Student: 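For reference, the structure I am asking about is given below.
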Amino acid sequence: MRLLTHNMLSSNIKGVTNGFPLRLQVEKSVEKEVDLNPDFLKNIFPKIEWKALVDASRALGYPELPDEAEPSMLDSHDFLKKFHHALLELHVEEGALICPETGRNFPISKGIPNMLLHEDEV
Amino acid sequence: MLVPSKISRIAQIRLVNCHPEVYEPCDDSFALVDALLADRTNLLERQPRLCLEVGCGSGYVITSLALILGEENNGVHYFATDINPHAVEVTRKTLEAHGVQAEVICTDIASGLATRLEGMVDVLVVNPPYVPTPEEEVGCEGITAAWAGGEDGRSVIDRILPVADKLLSDRGCLYMVTLTANNPLQICLLMREKGYASRIVVQRSTEEESLHVIKFWRDADVEVKEPNRTSPTGMESWLSQFSRFPFRRNSNS
């Protein structure tokens with residue numbers, strides 16, 4: 001699971017109003033290099049919750065992202081490289097996503113988060 | 001000069017993983033991939049960035065889509081969901097065997113994703129559970145969830161349509177497999193009320209069933225229907241594309 005996906009997932013439990021971001025618990029992670037596409041990064045930037053990405057990347061041991069970001073920073077190749085690395089190259093293989101409101105644990109196994117709910121949560 | 005082999009490459013059956021509880025690529029999967037291939041030029045013109053398959057099963061379709069549209073280097077990213085934990089695992093292996101990347105999530109339709117991915121999906125592909133079955137079989141564990149569609153095979157389809165409307169971007173389009181028994185004409189009318197145009201991309205008839213892959217896209221010319229309004233002009237000619245097909249027409253549609 002990439003941090004792009006982490007940034008797009010929220011707790012889907014019935015009644016939860018503040019289900020984003022899911023807290024990230026990492027047991028195993030990997031890095032997979034992919035080509036940097038500036039257009040993709042520029043287009044996705046406005047949709048990214050920056051703080052959630054910063055916190056998630058730090059949970060993965062990558063401290064390079066600045067605390068705050070604004071669109072003008074996208075002109076810097078150095079910034080793009082860091083944004084790209086955090087968003088698309090860091091993968092959580094094993095761990096969990098934790099609902100910020102209920103503490104419910106959604107496991108991540110072999111890189112796949114399991115967001116299935118129990119009957120009483122739907 | 002050689003034509004790059006990537007053009008028209010799709011997933012290879014020998015590299016598609018299988019599991020007794022996961023739906024294997026079948027006529028409907030092939031029809032859906034054929035539709036994506038047939039519409040490839042149009043898809044590329046839309047310059048998709050985020051693509052999603054709901055109900056990825058073996059991974060055959062999402063892998064093919066990634067091979068058809070190209071990957072990260074083209075700035076395209078893929079998501080795939082399935083309610084069946086075995087299916088997401090098989091999809092992961094199928095993707096890996098083809099050397100393509102997609103984010104796989106085990107969830108019901110797009111639960112957990114729909115809020116944040118709202119309006120961001122450029123290509124949505126769905127081969128839904130469309131077989132008419134007793135309602136209690138819908139969403140059962142294992143492979144049953146891949147085909148059990150409840151009354152008229154519409155139970156899951158009717159839950160997917162509003163999610164699709166929420167997820168699709170302004171230039172987004174949905175490709176969905178339907179069976180004649182699902183009353184595809186009525187599905188098109190429902191989507192038309194939400195502002196979508198539609199077109200049959202592929203039609204397949206076998207002795208048992210008649211499959212259609214229908215493409216839906218937002219069209220500014222389609223007026224979003226208000227309650228109690230009469231059909232806009234041009235409706236008749238739009239409907240005529242369906243007259244050649246044996247769609248069942250409900251008296252209330």
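In this text, all values refer to a predicted model and were calculated from it rather than measured experimentally. Chain identifiers are assigned alphabetically (A, B, ...) following the order of the sequence lines, protein sequences preceding nucleic acid strands; residue numbering begins at 1 within each chain.
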Student: Any donor and acceptor pair, going by atom type alone, linking the side chain of B:R116 with main-chain N or O of A:K47 inside 3.5 Å?
Tutor: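 Present.
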Student: How close do B:P85 and A:L116 get, heavy atom to heavy atom, and via which atoms?
Tutor: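 For B:P85 versus A:L116, the nearest heavy atoms are CG-CD1, 4.2 Å.
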Student: Identify the residues of residues 50-71 of chain A whose heavy atoms come closer than 4.5 Å to a heavy atom of chain B, ordered by number, or report 'none'.
Tutor: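 Residues of residues 50-71 of chain A touching chain B at under 4.5 Å: none.
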Student: Give, as side chain, backbone, both or neither, the part of B:R49 having an atom under 4.5 angstrom from any heavy atom of chain A.
Tutor: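 For B:R49, the contact with chain A is made by backbone and side chain together.
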Student: Working to the nearest 0.5 angstrom, can you tell me the gap between B:F79 CZ and A:L9 CG?
Tutor: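 With rounding to 0.5 Å, CZ (B:F79) is 8.0 Å from CG (A:L9).
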Student: For chain B, which of A:D39, A:N43, A:L117, A:V122 has the most heavy-atom pairs under 4.5 Å?
Tutor: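 Among the listed options, the one with the most contacts to chain B is A:N43.
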Student: Among A:K32, A:M8, A:H91, which residue forms the greatest number of heavy-atom pairs with chain B at distances under 4.5 Å?
Tutor: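 Most pairs with chain B among the choices: A:M8.
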Student: Which residues in residues 93-109 of chain A have any heavy atom closer than 4.5 Å to a heavy atom of chain B?
Tutor: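 Residues qualifying by a heavy atom under 4.5 Å from chain B are absent, so none.
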Student: So for A:S11, is it side chain, backbone, both, or neither that comes closer than 4.5 Å to the heavy atoms of chain B?
Tutor: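 A:S11 has no heavy atom closer than 4.5 Å to chain B.
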Student: Side chain, backbone, both or neither: which part of A:I44 has a non-hydrogen atom closer than 4.5 Å to chain B?
Tutor: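 Only the side chain of A:I44 comes within 4.5 Å of chain B.
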Student: As an exercise, state the distance from CG of A:N12 to OG1 of B:T115, rounded to the nearest 0.5 Å.
Tutor: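 Between A:N12 CG and B:T115 OG1, I get 8.5 Å after rounding to 0.5 Å.
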Student: Look at atom CG of B:D170 and say whether more than 12 heavy atoms of other residues, nucleotides or ligands are closer to it than 6.0 Å.
Tutor: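 Result for CG/B:D170: open.
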Student: Does the pair A:I112 and B:I105 meet the rule for a side-chain contact (heavy atoms from CB on, under 4.5 Å), with working shown?
Tutor: CA-CA 6 Å; A:I112 302 172; B:I105 297 134; 5.6 Å; no
